[in-house]
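Within every chain, numbering begins at 1; the chains are lettered A, B, ... in the order of the sequence lines, protein sequences first and strands thereafter. The figures here come from the full heavy-atom set of this structure, side chains too, leaving out hydrogens, waters and symmetry mates.
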2 protein chains.
Amino acid sequence: MASHGVRGRSGGRPTLEEVAARAGVGRGTVSRVINGSPRVSDATRAAVQAAVAELGYVPNTAARALAANRTDAIALVVPEPETRFFAEPYFSDMLRGVGAELADTQMQLLLIFAGNDRERRRLAEYLAAHRVDGVLLVSVHADDPLPELLSQLEIPAVVSGPRSAEETLTSVDSDNYGGARAAVEHLLGRGRTRVAHITGRLDVYGARRRVDGYRDALRAAGHEVDELLIESGDFTEEGGRKAMSALLSRRPDLDAVFAGSDVTAAGARQVLRESGLRIPEDVALVGYDDSAIARHMDPPLTSVRQPIDNMGRAMIDLLLTEISDKRPSGLRRGERRHAVLPTELVVRASS
Amino acid sequence: MASHGVRGRSGGRPTLEEVAARAGVGRGTVSRVINGSPRVSDATRAAVQAAVAELGYVPNTAARALAANRTDAIALVVPEPETRFFAEPYFSDMLRGVGAELADTQMQLLLIFAGNDRERRRLAEYLAAHRVDGVLLVSVHADDPLPELLSQLEIPAVVSGPRSAEETLTSVDSDNYGGARAAVEHLLGRGRTRVAHITGRLDVYGARRRVDGYRDALRAAGHEVDELLIESGDFTEEGGRKAMSALLSRRPDLDAVFAGSDVTAAGARQVLRESGLRIPEDVALVGYDDSAIARHMDPPLTSVRQPIDNMGRAMIDLLLTEISDKRPSGLRRGERRHAVLPTELVVRASS
DNA sequence: AGGTACTGTGGGAGCGCTCCCACAAGTGAT
DNA sequence: ATCACTTGTGGGAGCGCTCCCACAGTACCT
């Protein structure tokens, strides 16, 4: 009878029960101490902590997860192939912020790629098994079924880069509107009067917000918006080249360009050079993202920096709130939250 | 009484018991089907599978982990800061291999950085809590306490790049000896007779093996080893420059250089150029790693490619075997294993 | 006929925790 | 003295699974 279920005993690790015995208290009390409940007297707490230290007690995560119905893990879902993940600094910055914010939590971060169908199916299973308490979604496409799945499964989730102004998921974004506005105001402040804009992909909400910022900056400064100075791009270098050519043929007298991304700006720069225009003497150029390209361009590119790591931190913040809001059975506190973080204009030689 | 412990019920997910009831069998039988035990009749299996499908049953990982004393998760531990992880293609290649090999398993991969003391402490706690069934260690330093901790906790582990010929952990490595030997034989085959070698950091086992390969290739071809043609480097570009200068001053008549890494080769190349020596006409150059540098160098660099993604696959393979060897209580089958994967010489214009 | 073996199955016990009810003891208002 | 709280504590029940023992049924030897 004594030697009945010695089977598992997970490598002889001490259990809550043993700690309780050692400290001369009940199981519940040890649990309370471990979980930081305030309803424990100081003396008892000290005794329990001593026992924990002596025995080298470490809670069994699986048992906790089973009893409490939570996993203490959250997933960072990257809906891109791994290659892109490594190539774009966006993700590593994001990961850094997320990691930092999570460091003094006991939450575990899982990195999950969902770049192809197979991986997406696996992710769906994973979520169906409720193996995480919450999900961080970086850059979702407008038609992605994932958000729907998440709310169906009632899994808390936070998305970076909302899909629209009516985003249903809690979201974190940088201030695209404000960033664009600051960029244009900077150009106007430098005495430029005919500021063009090469947009990003307009099915991306953030790109549309940048256009809004561009327009409002002009209006606020008393200029009227010349639609011929707006040309849509797609975030790529090639798109930047095409758009720049179009703009130059329509408005050869333009004296500044605000590009939707640094890469786009790089494309625009090529065309400007080929047209014999000097940067910034003839045409000032401003990009967006403040990526490595911006720093290494000739001349160095003025650009709008997004606080990506802080976005990561904010995402964790919101997610943890959602998770704990959900915990006390049923009733949900707080509304859908949308955090918008300020951007910063980094002025360099191109403007 | 009926509504007693409805508390958790994890979002109303069906349980094993419910599947059993639906299929008209016992709990044990369902468990057997789920876990692919062969001791189930075909008819019963079909009935259970139908019930599983109808109910949309997904096993509860926590319960399984608790009962079976395993986690179905393994950790990929990167003993470097995150920045390095993103910067070096080594890790992304490794991750790709690991991911691919794990794809048709139900094992979950955790990526854990242990670049600073804080992270290392966190990792230690993590391992102490036995939150993973096994650990993949990529590139351990000779004095790292991690291997010791792992064997103390009896956690299966596989390391890439053994620390010595007596590595105690199961290891996977590429054939440094063979790769070096092939490189040197290639140079000799091209008619070079005075082949120098700039080594890697000699506290790294793989670098020492490359020196062995270099020596043996020369001897096998009937040359004797000229110690003045060997200069130690440290895998860096600066180290390559210094070593090359030293070699040139000692042996101005050398006609080939085998460098310990592509980066080292890049350093050597600079010095050769500055000395007015042409590559490959005057001096042939071969690197190691076949990194992006090699392809983009002028002239493109002949280099030894390591099958990093396959190393990742092999590591998973070995780790899974260790884990399952450990499972059936106590007795360990098989010895410490050391896999060595073949390298490939990629010939380009520099030799 | 009796043994011995194997196949397939049901279900008890137990994994280590959290949750919550019960209850003792103390505190203050009535 | 009584009631009503509050604070601190113990421990039962239960989370959903796996493991393993027990046992019925069948098959194949002596």
Atom pair distance, as rounded to whole Å: CD in B:Glu17 and C1' in C:dG12: 12 Å
In whole angstrom, give the distance that lies between atom CG of A:Asn60 and atom C1' of D:dC15. 13 Å
So, B:Phe86 versus A:Phe85, ring centres under 6.0 angstrom or not? yes
Over how many whole Å does the gap from B:His130 atom NE2 to C:dC17 atom C1' extend? 17 Å
Side-chain ion pair, A:Asp133 and A:Arg70, N-O less than 4.0 Å: no
Round to a whole Å and report the spacing from CZ of A:Arg39 to C1' of C:dC19. 15 Å
Taking the side chain of A:Thr29 as its heavy atoms from C-beta onward, which of D:dT9, C:dC17, D:dC17 lies nearest to it? D:dT9
Within the structure, does a side-chain N or O atom of A:Asn69 lie under 4.0 Å from either OP1 or OP2 of C:dT18? no
With the threshold set at 4.0 Å, does a side-chain nitrogen-carboxylate oxygen contact exist between A:Asp317 and A:Arg337? no
Side-chain N,O (B:Thr44) to OP1/OP2 (C:dT9) below 4.0 Å: yes
Please check if atom CG in B:Asp104 has more than 12 non-hydrogen atoms from other residues, nucleotides or ligands closer than 6.0 Å. yes
Quick one: closest heavy-atom pair of B:Arg120 and B:Pro145, and the distance? NH2-CD, 4.3 Å
First encountered from the 5' end of DNA chain C, between A:Ala62 and B:Arg32: B:Arg32
Looking at A:Ser41, does any N or O in its side chain come under 4.0 Å of the phosphate oxygens OP1/OP2 on D:dT9? yes
Rounded off to whole Å, could you give me the CZ-to-C1' distance for the B:Arg27 and C:dT9 pair? 13 Å
From CG of B:Leu66 across to P of C:dG14 the rounded distance in Å is 14 Å
Once you round it to whole Å, what is the distance between P of D:dG14 and CG of B:Leu16? 19 Å
Need one value for B:Arg64: base, sugar-phosphate or nothing, where a base atom within 4.0 Å counts as base even if backbone is also close, heavy atoms only. sugar-phosphate
State which of D:dT18, C:dG10, D:dG16 makes the closest approach to the side chain of B:Ala63. D:dG16
For the side chain of B:Ala67, counting heavy atoms from C-beta on, which of C:dG10, C:dT18, D:dT18 is nearest? D:dT18
Roughly how many Å is it from CG in B:Asp42 to P in C:dT7, rounded to a whole number? 14 Å
